[in-house]
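Let me begin by presenting the structure, written as structure tokens, before commenting on it.
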Amino acid sequence: MRTYAELFAVREFRNLFLANCAGIAAHTTSALALGALTYASTGSALLTALSMFGAPLAGVLGTLTLLSAADSVPPRRAMAFAALLATAGAALQAVPGLPLWARFAIIFANAYVGSVAAGAKWALLTDIVPVNAYVLARATMNTSVGVMQIAGFGLAGVLLVWLSPYQVFLLALVLRAVSAAVGWFGLTERPARTSERVTVTRTLRVNRVLWADPGRRSLLLNLWVPGGLIVGCEALFVPYAADRAGFLLAAAALGMLAGDVVVGRFLSPALRERWIHPLRVLLPLPYLLILLSPPLPVAMAVALVASVGYACTLPMQERLIAHSPPEARGQVLGLHGNGMLAAQAVCAALAGALADLVTPSRAVALLAAVALAVTVALTPGLRRTAPGAGEPDSRPAAAVPAP
């Protein structure tokens, strides 16, 4: 399976792709609407960043409590429950006059449940397509994220000029309902990956096992931290560009889309490995130019070029799967995804707090400089998982002693 035509010939992949598209479009439109509503009512860059990017902090709680459900619950069932909860949340967000604390509670509750369902979704992807097609399939799913972020942020940015945030929330409600329906009716139910019960103890035990391996730990840190700091830069687009922030977010999404298409579709495995480090450096480097407070077109170019660097995560995810036990695949991919989103949320909050003290342009440049330094510092650890560095530790999680 080496082409998009072969990939989309798989019915379940098509449906998973469509459900993901609708869900991402709903998330981006509602996030920008909530960010605009929060900034208009509070004037706080910190609260605005938290409203748009802070919800995945709840994923930390999910990772520490019920993440084992990603392997212990049939995947379609887990995804359907999360989709229905998100639909209900979108309906509540559309209610005018709802207190800001209640809106935050809604997005955090959705993120908690979604943190478990995400692991089930990415593990399901490894069942739908052959192992050697995972990078192409994941890159294509990432492409759906890029396209829908462009469409969602762009459309929401235009609609917010003419409509209220509450009316934009209604659009998100429709998209959430579409995502839930396609996911339920378009996917085949599969048995759980393990017969073990969903318990906090099991979640913590497997997390310890997964974290104990140095190579896997290095991969997770590289997947979490530098990208999280760059999302902190993106969290300041609203304070930086005000009502034109949607264009910056769309430009960043376009760059991510371009990187995923090139790396996922056109680069061989050997070339993907060779481009890991240049792409890692590309991600933070252009944002240093924001220190000069460039006009919107230049800032859009910066966001676009930098976001191509997100494609470095594709070969690193490929390594992560190779270095993980199959029966814990849902949990390790959930750990990767939830840790990544949590890092993004923490960095978004840090960025918002920083921008309340200095100008948004200085805050963006400072975060980019830290991201660049972290990228360099984490580089040696990747050698443990490079091809030819040694056999990956993919023994069953139950067979690997906890530290």
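Since we're looking at a predicted model, the values are computed, not measured. We're numbering straight along the sequence, starting at 1.
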(request) Please determine, by modelled atom types, if Arg319 and Thr385 share a side-chain donor-acceptor pair under 3.5 angstrom. (result) yes

(message) I'd like to check Leu378 versus Ser218 (side-chain heavy atoms, cut-off strictly below 4.5 Å). Are they in contact?
(response) no

(request) For Arg265 and Thr140, test the side chains for any donor-to-acceptor distance below 3.5 angstrom and give the result as yes or no. (result) no

(request) Working to the nearest 0.5 Å, report the span between OH of Tyr166 and CD of Gln93. (result) 10.0 Å

(message) My understanding is that only residues two or more places apart in sequence, or in another chain, count here; which of them pass side-chain contact (heavy atoms from CB on, under 4.5 Å) with Leu84?
(response) Ala180

(message) If we ignore hydrogens and angles and just use 3.5 Å, is the side chain of Arg76 paired with the main-chain N or O of Trp184 as donor and acceptor?
(response) yes

(message) Quick check against the 3.5 Å criterion: does Gln167 have a side-chain atom that pairs as donor or acceptor with the backbone of Ser164?
(response) yes

(message) For a 4.5 angstrom cut-off between non-hydrogen side-chain atoms, does Leu279 reach Tyr310?
(response) no

Atom pairs and distances, donor-acceptor, side-chain atoms in residues 286-309, under 3.5 Å, two or more places apart:
residue: Ser293; atom: OG; partner: Ser361; partner atom: OG; Å: 3.1
residue: Ser307; atom: OG; partner: Ala252; partner atom: O; Å: 3.2
residue: Ser307; atom: OG; partner: Ala303; partner atom: O; Å: 2.8

(message) Ring centroids only, cut at 6.0 angstrom: are Phe237 and Phe247 within range, meaning strictly under it?
(response) no

(message) Distance to the ring centre below 6.0 angstrom and angle to the axis at most 45 degrees; does that hold for Arg216 and Trp211?
(response) no

(message) List the residues meeting ring pair (Phe, Tyr, Trp, His ring centres under 6.0 Å) with Tyr134, not counting sequence neighbours, and say none if there are none.
(response) none

